[in-house]
Amino acid sequence: MSQFWKPGTERPRLVDDEEGGVLLYTTSSSSSSGFGYGSLEKQRQRLPVYKYKTAILYSVETHATTIIVGETGSGKTTQIPQYLKEAGWAEGGRMIACTQPRRLAVQELTRVKFLTDGVLLREMMDDPLLSKYSVIMVDEAHERSLSTDILLGLLKKIQRRRPELRIIISSATIEAKSMAAFFNTRRRREEEQGPTKEPAILSVEGRGFNVEIFYVDDPVSDYVRSAVSTVMSIHDQERMGDILVFLTGQDDIDTAIQLLTEEAQSSGKQGLVSVPLYSGLPRADQDLVFSPTPRGKRKVIFSTNIAETSLTLEGIVYVVDSGFSKQRFYNPISDIENLVVAPISKASARQRAGRAGRVRPGKCFRLYTEDYFSNEMSVVGIPEIQRSNLVSCVIQLKALGIDNILGFDWPASPSPESMIRALEVLYSLGVLDDDAKLTSPTGFQVAEIPLDPLISKMILASCEFGCSEEIITIAAVLSIQSIWIPVRGVQKQLDEAKLRFAAAEGDHVTFLNVYKGFIQSNKSSKWCHKNFINYHAMRKVIEVREQLKKITQRLGIGLKSCEGDIQTIKKAITAGFFANAARLEPFSHNGMYKTLRTSQEVYIHPSSVLFRVNPKFIVYHSLVSTDRQYMRNVITIDPSWLTEAAPHFYQKQLHSSFPQ
DNA sequence: GAGCACTGC
């Protein structure tokens, strides 16, 4: 492994601090306490990454791939693309790309493009070699999101065809070596021309302060209770400073806040302000997290993983880490994605602890034992690609002309079962042909629409059925987490509000009613409030719908309304979701259904307008599994539509399921 | 009568 630095500058340091204990954040001076005055240039020079400018540029010049190990706050994301531009990498009509797993609000430099991994993947559909870019920087690669992994695999391929392309991968310490191994394409005694193929690793320190770590002596049986009592003792014994508590979901968070309020009341403790934080929270409530803590008070933020990567909170001095988060797991045999509370990795634990050291030295209280951390916790989490349904991923690779999906060189390979399942689903949708090639035009069109292929297929079908106006609304609503406001204690009112829009045909049609009402109200937030509808979610529906409208126009498909012909709408939905059909068990007293495809026991989700209605045949949008398998968002269908929509899928194997 | 970590086009 090679490292380069310029004599006279500080030698780059390869951090290797995978052990627990005090985090090895190094911070050079008091300069980290803010920018003070001075020119913009001076400010840039004070960022930790500045010291490595020459080393980074030298490495990029001489290496095909450079891996930058950098802690948060080093300034790498904003500065490195700028250094590259100043060094001439954006000259001669070339550009620099910097990708993130999430959207980022950064200033757009000319000839430097900040974009998400997913968007860059989309760009490859028009420009497979990404030929307009001279350097591509993949930021936060250690998060191993689905799109990041696909992108890394493709970049490695592109590098073979474009030796002049430079890749920068910014990653946390723990992943750096495996990234380097993945991109090391150098063969022994190979005559090297141009940049060396062996990746360089550079390490840049962050701006964080030391965080002292504490563990519990014995395993805790109830992390919510334990988190609350830890908060109480921090409040008792530690100096002022806000507390961030990592829990797994809304339920945990609500319970914890209730417990804390009770305990503070019964013990007469004052000065604690609890704030919940999770993605489903209405915007106004989320903003409370950022409001300054009143003088003499201590803010306690109870958060999901959203505070681990997506949001940065200022003023946190104490972190309480439950050691758990909700994670998605996919079972290719049952074709079901589950959200499960699972132990986090050491990498996550480090990231969480680091949240305590942004303003001054902090403390992190881990609600698990040191022995557990050292001996049982996995070093890194399972990459998303090994925990997901791969239908979207496979169609994207197919669209990029990658035929041998099973032989693709991944940073981490998904299971063959998942890939085969994805191929089967795409085949049944008519997107792939017998040779596993994209069909024309359906396959290419579905690949062009950046949504779940089942949804894309539904949209294409709606054009034939003449109900695309309605279907793109439904597609937009389905891509939003929830349009209802999550409210505890006023469940009854929410249910009543829902009834105002409920359609006998099911949830999708109900969504259409909500959308119509929202438009008729002139997109009023008051109207949303009155009807327990999430205003921001509805704005988002409008936005996504506009995008879908543009995409359909680009595909040369006109929008058309079916003017209230609901049966047509349901047929279009069935054309995409025929595989998700279920039939009510005869004589079932508890609403048990069986899926037509695999005879799995499933139930209508209590949030559905068809809950307790239990029609004989239904099609569902997705399954969510807890103690039971629940079907979310269902519509009634006529079973004959299934054979109409997918004769190849149903005629052979399942005709015996149909009573009529 | 249950629950939804996150993200994107």
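Lettering of chains follows the sequences in order, A, B, ..., and the numbering in each one begins at 1. Every value quoted in this text rests on a predicted model; they were computed, and no experiment measured them.
- Of the candidate nucleotides B/dG8, B/dA2, B/dA5, B/dG8 has the atom lying nearest to any side-chain atom of A/V119.
- The cationic atom of A/R366 (NZ for Lys, CZ for Arg) lies less than 6.0 Å from the six-membered ring centre of A/F373 and within 45° of the ring axis.
- Not one side-chain nitrogen or oxygen of A/R632 sits closer than 4.0 Å to the OP1 or OP2 atom of B/dG3.
- A salt bridge links A/D139 to A/K76: at least one charged side-chain nitrogen sits closer than 4.0 Å to a carboxylate oxygen.
- Between A/L451 atom CG and B/dC9 atom P the separation is 11 Å, expressed in whole Å.
- Comparing atom distances between the A/R328 side chain and each of B/dC9, B/dC4, B/dA5 picks out B/dA5 as nearest.
- When the P atom of B/dC9 is taken as reference, atom CD of A/Q100 falls 13 Å away, rounded to whole Å.
- Across all strands shown, A/I306 has heavy atoms under 4.0 Å from sugar-phosphate atoms exclusively, and none from any base.
- The CD atom of A/Q250 sits 12 Å away from the P atom of B/dG3 (whole-angstrom rounding).
- Residue whose closest nucleotide on DNA chain B sits further toward the 5' end, between A/D495 and A/V544: A/D495.
- Rounded to whole Å, atom P of B/dT7 lies 20 Å from atom CG of A/L120.
- Looking only at side-chain heavy atoms (C-beta outward), A/I136 and A/L130 come within less than 4.5 Å of each other.
- Within 3.5 Å, no donor on the side chain of A/D452 pairs with an acceptor on the base of B/dG8, nor the reverse.
- Closest to the side chain of A/R102, out of B/dT7, B/dA5, B/dC9, is B/dT7.
- In summary, of the residues considered (A/I253, A/D252, A/L277, A/T248), a side chain to side chain contact (heavy atoms under 4.5 Å, CB included) with A/T304 occurs for A/I253 alone.
- Taking atom CG of A/L281 as the reference point, atom P of B/dA5 lies 11 Å away to the nearest angstrom.
- Which of B/dA5, B/dC9, B/dG1 sits closest to the side chain of A/T304 comes down to B/dA5.
- Among B/dG1, B/dG3, B/dC9, the nucleotide with an atom closest to any side-chain atom of A/Q547 is B/dC9.
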